[in-house]
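Structure record follows, encoded as structure tokens.
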Amino acid sequence: MITEDKIKEYRNDYSLIAGEHYLVKPKQASLGLSKFVFNRAQKYLWSLLLEDLKKGIPVRWFIIKSRQLGCSTWIVLLFYWLISFFPNRNGLIVAQEELPAFELADKAKLVFRTIAKELRPMVKTNNRHILYFANPDDDGDLGLESQILVKSADSDALGASYTLHMALLSEFALWESEKGLDVKERLATALQTVPEEAGTFVFIETTARGEGDCKEMWDDPDFEYRRIFISWIADDNYRREVNPAEYFILVDDDSHKYGDETEVAKLIEFELNKWYPELHHLSEPFKSQTIQHEIMCRLSWRRYMINNKCQGDKAIFQREYPLTAEEAFSGTGKNVFSQNKLKDIKNYLEVNSPKFERYRFDEIEKKFGLSRYGPLRIYLRPEKQWKYVLGVDPAQGNEGGDASGLIILRVPDLIQCVSFEEIIDPDEFSEMIYQLYLLYNQAFTGVEVNDKGGYLVVNNLKKFGVRNQYRREVLDSTTYKKTQEKYGWFSNNTNKPTMVSDMRDVLKHASRTIQDLDVVKQLMKYQELPNGHMKAIDGKDHLADAYMIAIEMSKYVHKGSYTQSTGIPKYSLKWWESLIDKQNDFAVIGHNPRGSNANYL
């Protein structure tokens, strides 16, 4: 029998009722259900929550954490506690897909099924999408009228029909990296329903997934959420006991699969002092010996996980089990380009900002005019003695749609001369490209033709008389005997790895040739997606793609004509197979219109 006084205690203390009455499934399923006694990480979260509640401020948290520390469980059951004791509360649980969202909600439903009857409120609806505490009958008291809604991140309306008092946005980074969603737009949709009042809660929690909007939000000082990072050291179980007689020598080479363990040991020691305050009360030399032993046990577990759970890749381990927030974001195994190298370039450009002029193109006058906020950036003006290449990633120019990107590089040193990124009509874009083509000594031009906008640009340039364009050779789909020459660069799974590899070479050997900070930022978001495609996870990679196309064009700047040979005898079986499996690219340096007059900058 639970007394009224005890129920009042439970109403005021989430940790108390959780430890005495809430049942959860432990990591080891064979152990059966266990009471939800807060672990170290959960106790830390509870202490922070009490701080914010005491201040009388809305609770707004951004949590980056290691795998399986119980943070999401703690938040879900916090929501359950609130709706089971307090009337007129609406909560929302959102995950990257429906299944993980349902699994989170099931934790609350398990508590509802197993808790003592005296603590179980009336329920009106209990299904996969909602847990609604209210009177199931139309007559009598209303009941609590509190509920938890469950949705996937791509749902049309994230709680838009409700005034929400609490929201959990779980595995937030995956919304972008795996689902390709515009996380800022999704976040805005959800947050509009939560009033900025005391007693409301918004939790963004996730394991990191490299660069992207999630990282930008974490770094943004104007995003006024409380940043909370929880490392894997907070879990008592993430260790392997080591006999002191079997201590191993630490690796001090960062290129080793374990990385520089001497540096890792320092981070572990820092985290041990943070999460295990009981160590502070030990006297020397026992304190130092205990810490040293624990460091070795943690390093032993880390080695085991890298070898057996992370395919020998420390980057995967760092992503799932980071020691610092910086490691969490940089440790992704899905980034296409070296984040450390890109950060070096980014820092250099921020300190040594290249000089440039801004222009805007007048389609009617066919001229470029200086403009304080013009989208066309000129870093180096054209010079007669140089050759140039022009890479173009066109979009369809729809309002609110994708931007188009353009890059001009000088050949052979690949120094960036021009960049452009803006939503622009393909016809206007074509006129601008043509004028830049003429200005930059009839630059060899590669236009991506993966959608309608690209084909419009290519055809327009042909009408303008631009023959100095990249062409590709494709197999006639009707006869399978003849090949056709088609204008434009078609990015696919065959040539994208080459584009990426060549971009890596530039980053490694010629990084100072990049002038545009926006190019670097887009490259930082470039990832290999689960379907094998490589692109920026937020879809904003127009400058990056144009840059890579320009690099590919630099291979084809020769006198006269150039045709890429397959190295296979023409019309042989392998020759036909290569045409079917791939689009064998080649370029023709054609003749350009004589007497064309460009409007110089």
Item to check | Pair R60-E196, salt bridge (Lys or Arg N to Asp or Glu O under 4.0 Å): steps then yes or no | outcome: CA-CA 10 Å; R60 301 291 184 268; E196 288 296 314; 3.4 Å; yes
Are any side-chain N or O atoms of [X] and backbone N or O atoms of [Y], one a donor and one an acceptor, separated by less than 3.5 Å?
{"X": "Y388", "Y": "E383", "answer": "yes"}
{"X": "D393", "Y": "G405", "answer": "no"}
{"X": "Q416", "Y": "L414", "answer": "no"}

For [X], is the [atom1] atom crowded, meaning more than 12 foreign heavy atoms sit under 6.0 Å from it?
{"X": "K274", "atom1": "NZ", "value": "yes"}
{"X": "E185", "atom1": "CD", "value": "yes"}
{"X": "F223", "atom1": "CZ", "value": "yes"}
{"X": "K486", "atom1": "NZ", "value": "no"}

Do you see a donor-acceptor pair shorter than 3.5 Å between the side chains of [X] and [Y]?
{"X": "S170", "Y": "E205", "result": "yes"}
{"X": "D220", "Y": "Y225", "result": "no"}
{"X": "N468", "Y": "Y556", "result": "no"}

Closest heavy-atom contact between [X] and [Y]?
{"X": "V150", "Y": "A101", "value": "CG1-O, 3.5 Å"}
{"X": "R67", "Y": "Y238", "value": "O-OH, 2.8 Å"}
{"X": "P354", "Y": "F356", "value": "O-CD2, 3.4 Å"}
{"X": "A234", "Y": "I230", "value": "CB-CG2, 3.9 Å"}
{"X": "I433", "Y": "L406", "value": "CG1-CD1, 3.7 Å"}
{"X": "P382", "Y": "L439", "value": "CB-O, 3.3 Å"}

Atom pair [atom1] ([X]) and [atom2] ([Y]), whose distance is rounded to the nearest 0.5 Å:
{"X": "E98", "Y": "S155", "atom1": "CD", "atom2": "OG", "result": "6.5 Å"}
{"X": "N459", "Y": "D427", "atom1": "CG", "atom2": "CG", "result": "10.5 Å"}
{"X": "N495", "Y": "S501", "atom1": "CG", "atom2": "OG", "result": "12.5 Å"}
{"X": "L436", "Y": "T445", "atom1": "CG", "atom2": "OG1", "result": "9.5 Å"}
{"X": "I204", "Y": "I75", "atom1": "CD1", "atom2": "CD1", "result": "10.5 Å"}
{"X": "H542", "Y": "D518", "atom1": "NE2", "atom2": "CG", "result": "11.5 Å"}

Between [Y] and [X], is the closest basic N to carboxylate O distance under 4.0 Å?
{"X": "R360", "Y": "E422", "result": "yes"}
{"X": "E357", "Y": "R381", "result": "yes"}
{"X": "E51", "Y": "R226", "result": "yes"}
{"X": "E269", "Y": "K266", "result": "no"}
{"X": "K525", "Y": "E216", "result": "yes"}

Next on the checklist: Evaluate E552 against W489 for side chain to side chain contact (heavy atoms under 4.5 Å, CB included), listing each step before the verdict.
Outcome noted: CA-CA 10 Å; E552 295 308 304; W489 176 272; 3.9 Å; yes
Would a 4.5 Å heavy-atom cut-off, applied to side chains only, mark [X] and [Y] as touching?
{"X": "M499", "Y": "I549", "answer": "yes"}
{"X": "W386", "Y": "D413", "answer": "yes"}
{"X": "Y258", "Y": "I306", "answer": "yes"}
{"X": "S419", "Y": "Y379", "answer": "yes"}
{"X": "L48", "Y": "W61", "answer": "yes"}
{"X": "L187", "Y": "M217", "answer": "yes"}
{"X": "P394", "Y": "E448", "answer": "yes"}
{"X": "W232", "Y": "L323", "answer": "yes"}

Next on the checklist: Does Y359 form a side chain to side chain contact (heavy atoms under 4.5 Å, CB included) with I378? I'd like the steps, not just the answer.
Outcome noted: CA-CA 8 Å; Y359 289 84; I378 305 296; 3.6 Å; yes
Item to check | Test: R302 cationic atom under 6.0 Å from Y321 six-membered ring centre, within 45° of axis | outcome: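 Verdict for Y321: no cation-pi partner in R302.
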Checklist entry - Does the side chain to side chain donor-acceptor pair (under 3.5 Å) test come out yes or no for D541 and Y547, once each step is laid out? => result CA-CA 10 Å; D541 50 17; Y547 209 110; over 6 Å; no
Next on the checklist: Applying salt bridge (Lys or Arg N to Asp or Glu O under 4.0 Å) to K65 and E171, what does each step give before you reach the verdict?
Outcome noted: CA-CA 10 Å; K65 41 78 175 180; E171 290 300 345; 3.3 Å; yes
Next on the checklist: Which residue in the set K540, R377, Q522 passes side chain to side chain donor-acceptor pair (under 3.5 Å) when paired with E421?
Outcome noted: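 The side chain to side chain donor-acceptor pair (under 3.5 Å) with E421 is passed solely by Q522 among K540, R377, Q522.
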Checklist entry - Can you list the steps and then say if Y487 with V449 is a side chain to side chain contact (heavy atoms under 4.5 Å, CB included)? => result CA-CA 8 Å; Y487 283 92; V449 289; over 6 Å; no
Next on the checklist: Would N307 and K257 count as a side chain to side chain contact (heavy atoms under 4.5 Å, CB included) here? Give the steps.
Outcome noted: CA-CA 9 Å; N307 290 332; K257 71 173 178 177; 2.8 Å; yes
Checklist entry - Any chance the rings of F172 and W175 have centres within less than 6.0 Å? => result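 Under 6.0 Å, so yes.
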